[in-house]
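See below for the structure under consideration.
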Amino acid sequence: MIAPGFIGTETLRGILAPQTLEKLKQQIPLDGSASRRSRRVVAFLASEAASYLNGAVLDISGGRLEYFL
């Protein structure tokens with residue numbers, strides 16, 4: 001299972017205010033394209049290299065922790 005963090009999609013940009021999006025981006029310790037990194041994880045999981053992987057949750061949030069109270 002893939003557990004992506006914040007991915008700045010067009011839909012999200014249409015819903016959230018620009019200052020909220022910027023605040024979310026600042027909470028991600030690792031810099032880079034979340035969508036590109038997510039695609040790489042999906043490609044890995046579809047490859048033979050991941051054939052023995054099961055029951056795992058891959059957190060690809062860039063180091064940002066989600067808290068639900």
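In what follows, every heavy atom counts, from backbone to side chain, and hydrogens, waters and symmetry copies are set aside.
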- Where do A50 and F44 come nearest, in terms of heavy atoms and distance? CB-O, 3.3 Å
- Task: Starting at CD1 of I15, measure out to OG1 of T20 and round the result to the nearest 0.5 Å.
- Result: 12.0 Å
- Query: Are V57 and L53 in one and the same hydrophobic cluster, where Ile, Leu, Val, Met, Phe, Trp and Tyr link if side-chain heavy atoms are under 4.5 Å apart?
  - Reply: no
- Query: Going by heavy atoms in the side chains, are L24 and L16 under 4.5 Å from each other?
  - Reply: yes
- Message: Once salt bridge (Lys or Arg N to Asp or Glu O under 4.0 Å) is applied, what residue pairs with a partner in residues 46-58 remain, sequence neighbours excluded?
- Response: none
- Can you name the residues that form a side chain to side chain donor-acceptor pair (under 3.5 Å) with R13, not counting sequence neighbours? E10
- Query: Which is it for L58 and L45 under the side chain to side chain contact (heavy atoms under 4.5 Å, CB included) test, yes or no, and what are the steps along the way?
  - Reply: CA-CA 10 Å; L58 300 177; L45 290 174; 3.8 Å; yes
